[in-house]
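All remarks here apply to the structure that follows.
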Amino acid sequence: MDRYNFKLVEKKWQAYWNKNKSFKTTLDKSKKKFYCLEMFPYPSGKIHMGHVRNYTIGDVLSRYKSMLGFNVLHPMGWDSFGLPAENAAKQNNLDPKIWTEKNISIMKTQLKKLGLSIDWDREISTCSKEYYKHQQKFFLDLYDKGLVYRKESYVNWDPIEKSVLANEQVIDGKGWRSGVTVERKKLNQWFFNISKFSEELLSGLDKLDSWPNKVKTMQKNWIGKSFGCEIDFNLKKNDQVNSIKCFTTRPDTLFGMSFLAVSIDHPISKFYKERDDFKKFKEECSKTGTTEEAIAQAEKIGFKTDLRAINPLDNTKTVPVYFANFVLMDYGFGAVFGCPAHDQRDLDFANKYKLKIMPVVEPLDSTGHEYDKNKNFVIIGQAYTGPGKIINSNFLNDLKAPEESIVKTIEYLEKNNIGKKKINFRLKDWGVSRQRYWGCPIPIVYDENNNVKKIPLENLPVELPENINLSTNGNPLDHVDSWKNITIEGKKYKRETDTLDTFVDSSWYFLRFCSPKNEVEGFDMEEVKYWMPVDQYIGGIEHAILHLLYSRFFMQAINFNHEEFNITEPFSGLFTQGMVCHETYRNQQGNWLSPEEYELAKSRGEIIKIGSPESMSKSKKNTIDPEKIIENYGADAVRIFILSDSPPEKDVQWSETGMLSSYKFTQKLWTLHQKFKNKIEENSDKKDEEISIFTNQMIEKIKYNLEKFHYNVIIANLYEFYNFFNNKLNFNINKKTLLENYIKFLSAISPIIPHFTSECLTDLKLNPFQKWPEVDKNLIKNDTVKYVIQINGKKRATITCMKDISEKELIKEIMGGESTKKIFENKKINKCFFVKNRLINILVQ
RNA sequence: GGGCGAGUGGCGGAAUUGGUAGACGCGUUGGUCUUAGGAACCAAUAGUGCAAACUGUGAAGGUUCAAAUCCUUUCUCGCCUACCA
């Protein structure tokens, strides 16, 4: 018997799909659409296992949906702007464009080898001017709508590279490449006014039923809505400043206030910046590590000013004003009032500076709390943040905290014009300026007075200059005078040399896929109306916040003053797949070894430390090259393996034995196919309902698991299917029944192993593209069922009997059954619990 | 510190609504065939026990005729987040 030649078969079908454009989609309003999108890759050079997993999941879904009759849009493109291209180009002394295009061509070939059902006619690349031209138009459109603005803001500045670093490029406060301490520098930057839509972006989450709760929670926390009020704290007579504004969620604890703290960047710092002791304090603050943990655990330190703030609820009382390291300038108003009794952080601060600690909320239940000898509630080591009754607070006394007391306090503050109710968001505006070459140019110029002017639409795109020197300090574009200086309508201007954050590129690419060739518009309204929203978006959890939030913002921004668009949520379904992991190897010198090097070292008898499975990464050398694996085992086998071992939302561990067994399984399937063909020649009149029942039941199962993304279970179903058929083929079966069920079997597994099933189907002179098999409901409706018989809650036997029989009939059956009747000898039945067609639990004495 | 999630055989993991725990695969063991096997096929495989049976889903309680699934307490691990006023 021939072995299954996957190389030949897969090559053949990939060529067939390519030639016939089998997955080309066009707008067809007579059909229901399904837009399946996987996060598009960054063209880093080669695809990795993460891509294989991501795109296999999407491909199985796309193929399944087409079989159901949906008009499926399944496109692919390239997130092709970004730093790695610039760095690689610098190293190899070539143009980022050439480097990027080479990678795209390699990766495209690799993706095709996976047998993905992609409409390649819709391929886009964000670094092409055909793409970024429209992005520049969006930018100007947003500018016109007032959703883009320019402001000075702090950036991470690398003094060696003379460039801005992204947060993730700052490691322990040092530049990831230069290794020198990163400075905070104020620069003029472009911002998208994402915070304008805080409320919409938050409430929109509730409608996203098919998003993982985890992602929704992460976004919710990121947006960070809090209810409270702003309060003006008047200062005791002072020449420079009259009041300080604070935001608080607990105005009802005002009577317990013992200090006011402001950020070192607070506007009032200008009155102190010349003082040596203040400078020293600022230095002290900057000394604390920049790792997140260090910041959180840093000691709370303050700098006492000569100012005193008046308690707005009792103007006879004043408290000192401090600069404090724990107050953030970019949240609220950069100032807080401290109530040590009811906030742990304030308590730590008060203890350090010996400030008064007076409780104003008393817990309702006294157990576990401290009281002085007069039985007054006191705060000792820990602040009390729970609910309770207001005390020591004049007109607020005895109110229920926090509900009643907050309402009453705000009422009072508003009546007396001291403060007002306020909702505060943590979400900050999105800074999109990058001092980089390889990104979308910002279509703005400045005149000699530094006034902003938009590039006229007809002059778009603003193209990146080519063949420039990338090895300059700072932004390379800043050094290209011929590009930077421009004359418009006879007037001289200087271009904006910053480029856009690459997250902008990916915030609307799913719109572009709807009409990728439209030269006039970024997207065609009719196409977008048909295709959007994306029905199923699939990608890594690492984009849970930024990319997904930015894309959601873009829909809000396009929608703003443009009701016709009417799309507020880009992705109605979201699935986040887990990572592909592999164990790590280190030799005695502590160097990482690749799996191949490990095998080699092992054969030489070296001692190798095997580490626990970790996400595949180049630095740990625990990567597996998908191309080699496909070469060795075939795409179908790889698809089976990548889906089989774990639920798709969880991490999966790469295993060579697992991969091998998937490969063997494809061989077994081929053997089964040969066995089937031999069998079909023989005829038998033997009626075999069992095979039809099993097949139909299995198809229902696979369908259920497909819909629920239980792809690992589908692989198990596939094995069961095989085991069953393989066994059945040992017997004679009615030709028609056998063929009918075998076709259903091949169809149901075709989304998973499309090359194999296409080959088998055509081998049987059938269409390689089958519809999703119809299930014969009558067949699934079995006449007989298996009952579990429990005695006092323990399983004692199973019994097969007619479906839908009554409890009485079943008991009669059990009493009469040869194997079951002895259970009841000398026993009295007290009670029965009967679950129809499933189980009976008989309680006996 | 906060948030979320998960704990099931030697391993990865099944178990739609509380209703036969361990599907399916890997591994292991035994066997068949083979010059050979890292091939193929057959069989066994949660634990204890000859067996009947008993025990078993991190731990301890609880609800229920019935709990991996629901409730309470607790432990462990993973991920995210970080002084958010």
Side-chain angles (χ1 to χ4, degrees), chain A residues 1 3 212-218 220-222 224-226 228 246-251 253 261 263 288 291-300 324-328 330-339 343-346 348-349 424-428 541-542 544-545 578-579 613 640-641 644-647 649-653 655-662 664-665 667-668 671 700-701 704-705 707-708 710 712-723 726 786-798 830-843:
Chain A
M1 199 187 296
R3 280 174 77 75
N213 283 329
K214 189 183 177 171
V215 174
K216 286 195 275 190
T217 311
M218 282 166 81
K220 215 171 263 178
N221 294 339
W222 188 261
K225 184 181 188 176
S226 44
C246 293
F247 173 75
T248 178
T249 53
R250 289 301 299 271
T253 61
S263 157
T288 46
T291 61
E292 286 146 353
E293 221 184 328
I295 290 169
Q297 281 163 12
E299 196 189 359
K300 285 144 191 62
N325 64 340
F326 61 84
V327 184
L328 309 169
D330 47 14
Y331 184 78
F333 300 100
V336 296
F337 81 79
C339 174
D343 183 294
Q344 191 57 45
R345 189 194 50 199
D346 294 348
D348 294 346
F349 191 80
N424 202 48
F425 289 96
R426 204 188 81 116
L427 182 64
K428 295 176 206 103
I541 187 84
E542 66 273 18
I545 298 173
M579 293 180 297
I640 289 175
F641 173 72
S644 67
D645 265 18
S646 294
E649 68 276 13
K650 285 216 224 155
D651 288 356
V652 64
Q653 202 198 331
S655 101
E656 196 65 36
T657 51
M659 183 60 245
L660 191 66
S661 81
S662 298
K664 286 182 196 165
F665 183 60
Q667 292 294 343
K668 284 188 193 177
T671 312
E700 284 282 278
K701 269 192 201 169
Y704 174 86
N705 289 323
E707 303 275 353
K708 295 261 178 193
H710 295 168
N712 56 325
V713 187
I714 296 181
I715 303 300
N717 294 150
L718 172 53
Y719 275 102
E720 280 180 83
F721 227 145
Y722 163 85
N723 289 341
N726 194 38
K786 211 160 103 186
Y787 267 95
V788 172
I789 295 148
Q790 292 183 340
I791 305 299
N792 293 340
K794 288 198 174 184
K795 182 190 155 196
R796 278 297 116 107
T798 56
N830 280 343
K831 203 170 178 186
C832 285
F833 290 87
F834 177 71
V835 184
K836 203 171 173 186
N837 294 331
R838 255 205 161 134
L839 149 154
I840 186 160
N841 187 8
I842 303 165
L843 304 188

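Convention: sequence-line order gives letters A, B, ...; per-chain numbering from 1.
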From [atom1] of [X] over to [atom2] of [N], roughly how many Å is that when rounded to an integer?
X	N	atom1	atom2	answer
Asp346(A)	rG1(B)	CG	P	19 Å
Phe326(A)	rA82(B)	CZ	C1'	15 Å
Ile541(A)	rG78(B)	CD1	P	18 Å
Phe641(A)	rC26(B)	CZ	P	12 Å
Leu328(A)	rA85(B)	CG	P	10 Å
Asp330(A)	rA85(B)	CG	C1'	13 Å
Asp343(A)	rG2(B)	CG	P	13 Å
Asp348(A)	rG1(B)	CG	C1'	11 Å

Problem set entry | Nearest atoms (heavy-atom pairs only) where Phe349(A) meets Ala324(A) |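 For Phe349(A) versus Ala324(A), the nearest heavy atoms are CE1-CB, 4.1 Å.
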Exercise. Of the non-hydrogen atoms in Phe247(A) and Gly332(A), which two are nearest, and what is the gap between them?
Worked result: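 So the minimum-distance heavy-atom pair works out to CB-CA, 4.2 Å.
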Exercise. Contact class for Asn723(A) vs. all strands (heavy atom < 4.0 Å): base, sugar-phosphate, or nothing?
Worked result: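 Answer is sugar-phosphate: Asn723(A) comes under 4.0 Å of backbone atoms only.
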For this session: Pick base, sugar-phosphate or nothing for Ser662(A), based on heavy-atom distances below 4.0 Å to the nucleic acid.
Result: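 Here Ser662(A) touches no strand at all.
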Report yes if some heavy atom in the side chain of [X] is under 4.5 Å from a heavy atom in the side chain of [Y]; otherwise report no.
X	Y	result
Thr253(A)	Phe337(A)	yes
Leu839(A)	Gln790(A)	yes
Asn717(A)	Phe721(A)	no
Cys832(A)	Ile842(A)	yes
Thr657(A)	Ser655(A)	yes

Exercise. For Arg345(A), what residues pass the side-chain hydrogen bond (donor to acceptor under 3.5 Å, both in side chains) criterion, not counting sequence neighbours?
Worked result: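 Scan of Arg345(A) (side-chain hydrogen bond (donor to acceptor under 3.5 Å, both in side chains), adjacent residues dropped) gives none.
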Problem set entry | Listed partners of Lys664(A) passing side-chain hydrogen bond (donor to acceptor under 3.5 Å, both in side chains), at least two apart |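 Partners of Lys664(A) by the side-chain hydrogen bond (donor to acceptor under 3.5 Å, both in side chains) criterion come out as none, since no residue qualifies.
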Nearest-angstrom distance, [atom1] atom, [N] to [M]:
N	M	atom1	result
rC42(B)	rG49(B)	P	31 Å
rG13(B)	rC24(B)	C1'	9 Å
rG38(B)	rA21(B)	C1'	34 Å
rG30(B)	rU74(B)	P	49 Å
rA85(B)	rC79(B)	C1'	27 Å
rG12(B)	rA46(B)	C1'	16 Å
rG22(B)	rA68(B)	C1'	11 Å
rC33(B)	rC41(B)	C1'	8 Å

Give none if [N] has no partner; otherwise give the nucleotide forming a Watson-Crick or G-U wobble pair with it, both distances under 3.5 Å.
N	result
rC54(B)	rG47(B)
rC70(B)	rG62(B)
rG1(B)	rU81(B)
rA23(B)	none
rA6(B)	rU76(B)
rC33(B)	none

Problem set entry | Contact nearer the 5' end of RNA chain B, comparing Ser655(A) with Tyr331(A) |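 The residue mapped nearer the 5' terminus is Ser655(A).
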Problem set entry | rG9(B) glycosidic torsion: syn (within 90° of 0) vs anti |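 rG9(B): syn.
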Looking at [X] and [Y], would you say the former's side chain and the latter's main chain have a donor-acceptor pair under 3.5 Å?
X	Y	answer
Asp343(A)	Cys339(A)	no
Asp651(A)	Met579(A)	yes
Asn705(A)	Ile715(A)	no

Polar-atom pairs under 3.5 Å, protein N or O versus N or O of nucleotides 65-71 of chain B: list them with distances, or write none.
from, atom 1, to, atom 2, distance (Å)
rC65(B), O2', Asn841(A), ND2, 3.1
rC65(B), O2, Asn841(A), ND2, 2.6

Between protein and nucleic acid, restricted to nucleotides 36-41 of chain B and to nitrogen or oxygen atoms under 3.5 Å apart, what atom pairs and distances do you find?
from, atom 1, to, atom 2, distance (Å)
rA39(B), OP1, Lys664(A), NZ, 2.9

Problem set entry | Pairwise distance CG(Asn841(A)) to NZ(Lys831(A)) - rounded to 0.5 angstrom |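 One finds 10.5 Å between CG of Asn841(A) and NZ of Lys831(A).
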Exercise. Listed by chain and number, what are the ring-ring contact (aromatic ring centres under 6.0 Å, His included) partners of Phe665(A), not counting sequence neighbours?
Worked result: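 With sequence neighbours excluded, Phe665(A) shows a ring-ring contact (aromatic ring centres under 6.0 Å, His included) to Tyr719(A), Tyr722(A), given in chain and number order.
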For this session: Report the nucleotide, chosen from rG27(B), rC84(B), rU20(B), that has the shortest atom-to-atom distance to any side-chain atom of Arg345(A).
Result: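 The answer is rC84(B), which lies nearest to the side chain.
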Problem set entry | Nucleotide nearest Arg426(A) when distance is taken to its side chain, options rU20(B), rA85(B), rA82(B) |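 Looking only at side-chain atoms, Arg426(A) lies closest to rA82(B).
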Problem set entry | Sugar-phosphate or base contact per nucleotide [nucleotides 7-17 of chain B; S, B, -; heavy atom under 4.0 Å] | -----SSSSBB
For this session: Please check the phosphate of rA85(B) (OP1 and OP2 only) for any side-chain N or O of Ser226(A) closer than 4.0 Å.
Result: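 Yes.
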Exercise. When only distance counts, do a donor and an acceptor, one from the side chain of Lys214(A) and one from the base of rC80(B), lie under 3.5 Å apart?
Worked result: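 No, the side chain and the base share no sub-3.5 Å donor-acceptor pair.
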